[in-house]
Amino acid sequence: PVPLKLWSVVGDAGVVAAANIWADESTVHGTVSPQEIPGLSGDAFVVYEHFSGAVWKLGHDEEIPVTLAPNVSALYTFLPAGDGVTPIGLVNKYISAAAMADWLATEDRTIVVLLDGGRFAWAADSPPSEVRVNGEIAQPEHGAGIYTVDCSDLRGTVWIEITTPS
């Protein structure tokens, strides 16, 4: 048996939900890939799985193996890889990328506008030299291949500024 897969596009990101819906209690095996999402453009992607917090980097034609026990699902967000920093969004939301109103990257700075506060995550090639949340210096945490900053106490529009070493 294979997983049931559903896809959608949120801004520049693609989302694939995979679920084991088999009634016979079988484990299912399959793959997910950015090439399965119509309209998703890019050559390289950062992939974030919501329930495990796992992160991968892969090309457009590459796949991630999926194994799901009975009644288990997975939720993958495919984000076009940025040059150095790739915003993932609010990882306390199922569709993390939907929490981003916009983002802009320059050579050494990435600015992200969030629709609300939460636990913001990004993938990066190197540690940031500074992170600011609404202009205030914040201390990011690093783990599982991503950086996070907690801005759960903020409401309304939140500005994140990530400065990377030049």
Discussion item. Given 3.5 Å as the limit, does a donor-acceptor pair link the side chain of Lys5 with the main chain of Ala19, or not?
Written reply: no

Worksheet item: Which distance, rounded to the nearest 0.5 Å, do you find between the OG of Ser73 and the CG of Leu68?
Response: 7.5 Å

Worksheet item: Counting distance only, does the side-chain N/O of Ser26 pair as donor-acceptor with the main-chain N or O of Val28 below 3.5 Å?
Response: no

Worksheet item: What pair of heavy atoms forms the shortest contact from Ala121 to Ile146, and how long is it?
Response: CB-CD1, 3.9 Å

Worksheet entry | Heavy-atom pair with the smallest gap, counting every atom of Cys151 and Leu114 | SG-CD1, 4.2 Å

Worksheet item: According to a 4.5 Å side-chain heavy-atom criterion applied to Ile, Leu, Val, Met, Phe, Trp and Tyr, with indirect links allowed, do Trp103 and Leu90 form part of one hydrophobic cluster?
Response: yes

Discussion item. Would you say that more than 12 heavy atoms from the other residues, nucleotides or ligands in this model lie under 6.0 Å from the CG of Asp83, or not?
Written reply: no

Worksheet entry | N/O donor-acceptor pair under 3.5 Å between Asn92 side chain and Gly118 backbone | no

Discussion item. Is any side-chain heavy atom of Pro34 closer than 4.5 Å to one of Leu40?
Written reply: yes

Worksheet item: Are Ile64 and Trp7 joined in one hydrophobic group, where the rule is that I, L, V, M, F, W and Y side chains link up if heavy atoms are under 4.5 Å apart?
Response: yes

Worksheet item: Going by heavy atoms in the side chains, are Thr110 and Leu104 under 4.5 Å from each other?
Response: no

Worksheet item: Does the side chain of Ile88 reach to within under 4.5 Å of the side chain of Thr77, using non-hydrogen atoms?
Response: no

Item to complete: Following the transitive rule for hydrophobic clusters with a side-chain heavy-atom cut-off under 4.5 Å over Ile, Leu, Val, Met, Phe, Trp and Tyr, establish whether Val32 and Val15 coincide in one cluster.
Response: no

Worksheet entry | Distance in Å, Leu79 CG paired with Met100 CE, rounded so as to fall on 0.5 Å steps | 6.0 Å

Discussion item. I'd like to check Val131 versus Gln139 (side-chain heavy atoms, cut-off strictly below 4.5 Å). Are they in contact?
Written reply: no

Worksheet item: Looking only at atom types and distance, does a side-chain atom of Asp150 sit under 3.5 Å from a main-chain N or O of Arg119, one as donor and one as acceptor?
Response: no

Practice prompt. Indicate yes or no for a side-chain donor-acceptor contact from Thr67 to the backbone of His29 under 3.5 Å, with no hydrogens or angles considered.
Written response: no

Worksheet item: Crowded around Tyr94 OH? As in, over 12 foreign heavy atoms under 6.0 Å?
Response: no

Fill in: Any donor-acceptor N/O pair, Glu49 side chain to Leu75 backbone, under 3.5 Å
yes

Worksheet item: Would Val112 end up clustered with Leu154 when hydrophobic side chains under 4.5 Å apart are linked, directly or stepwise?
Response: yes

Worksheet item: Taking Asp108 for the side chain and Thr163 for the main chain, is one N or O donor matched with an acceptor at less than 3.5 Å?
Response: no

Worksheet item: Are Val66 and Val72 grouped together when hydrophobic residues (ILVMFWY) are joined by side-chain heavy atoms under 4.5 angstrom apart?
Response: yes

Worksheet entry | Closest non-hydrogen atom pair between Leu115 and Ala101, with its separation | CD2-CB, 3.6 Å

Discussion item. Minimum heavy-atom separation for Pro80 and Ser41, please, with both atom names.
Written reply: CG-O, 3.8 Å

Discussion item. What's the separation between atom CD in Glu62 and atom CD in Gln35, rounded to the nearest 0.5 Å?
Written reply: 10.0 Å

Worksheet item: What class does the angle between the rings of His50 and Tyr48 fall in, given that below 30° is parallel, 30 to 60° is tilted and above 60° is perpendicular?
Response: perpendicular

Fill in: Glu63 CD: over 12 foreign heavy atoms closer than 6.0 Å
yes

Worksheet item: Between Arg155 and Asp116, is a side-chain contact (heavy atoms from CB on, under 4.5 Å) present by the stated rule, with each step listed?
Response: CA-CA 5 Å; Arg155 297 290 172 254; Asp116 202 5; 4.0 Å; yes

Worksheet item: Relative to each other, are the rings of Tyr76 and Trp56 parallel, tilted or perpendicular (30° and 60° limits)?
Response: tilted

Discussion item. Assess, by modelled atom type and distance only, whether the side chains of Glu36 and Ser33 contain a donor and an acceptor separated by less than 3.5 Å.
Written reply: no

Worksheet item: What is the minimum heavy-atom distance between Pro128 and Trp122, and which atoms define it?
Response: CG-CZ2, 4.1 Å

Worksheet item: Should Val10 and Ile95 count as side-chain neighbours, where that means a heavy-atom distance under 4.5 Å?
Response: yes

Discussion item. Please check this pair: side chain of Asp43 against backbone of His60, looking for a donor-acceptor N/O pair closer than 3.5 Å.
Written reply: no

Discussion item. Check whether Asp102 reaches the backbone of Val113 with its side chain - one donor and one acceptor, N or O, closer than 3.5 Å.
Written reply: no

Discussion item. Would you say that Val133 contacts Trp159 through its side chain, given a criterion of any heavy-atom pair below 4.5 Å between the two side chains?
Written reply: no

Worksheet item: Are the side chains of Val55 and Val47 in touch, meaning some heavy atoms are under 4.5 Å apart?
Response: no

Worksheet item: Which pair of heavy atoms, one from Gly59 and one from Phe45, lies closest together, and at what distance?
Response: C-CD1, 4.4 Å

Discussion item. Measuring only between side-chain heavy atoms, which start at C-beta, is Val9 closer than 4.5 Å to Ile37?
Written reply: yes

Practice prompt. Give a yes or no on whether Arg132 atom CZ has more than 12 heavy-atom contacts from other residues, nucleotides or ligands under 6.0 Å away.
Written response: yes

Worksheet item: Can you tell which of Val158, Ile162, Ile160 makes a side-chain contact (heavy atoms from CB on, under 4.5 Å) with Val149?
Response: Ile160

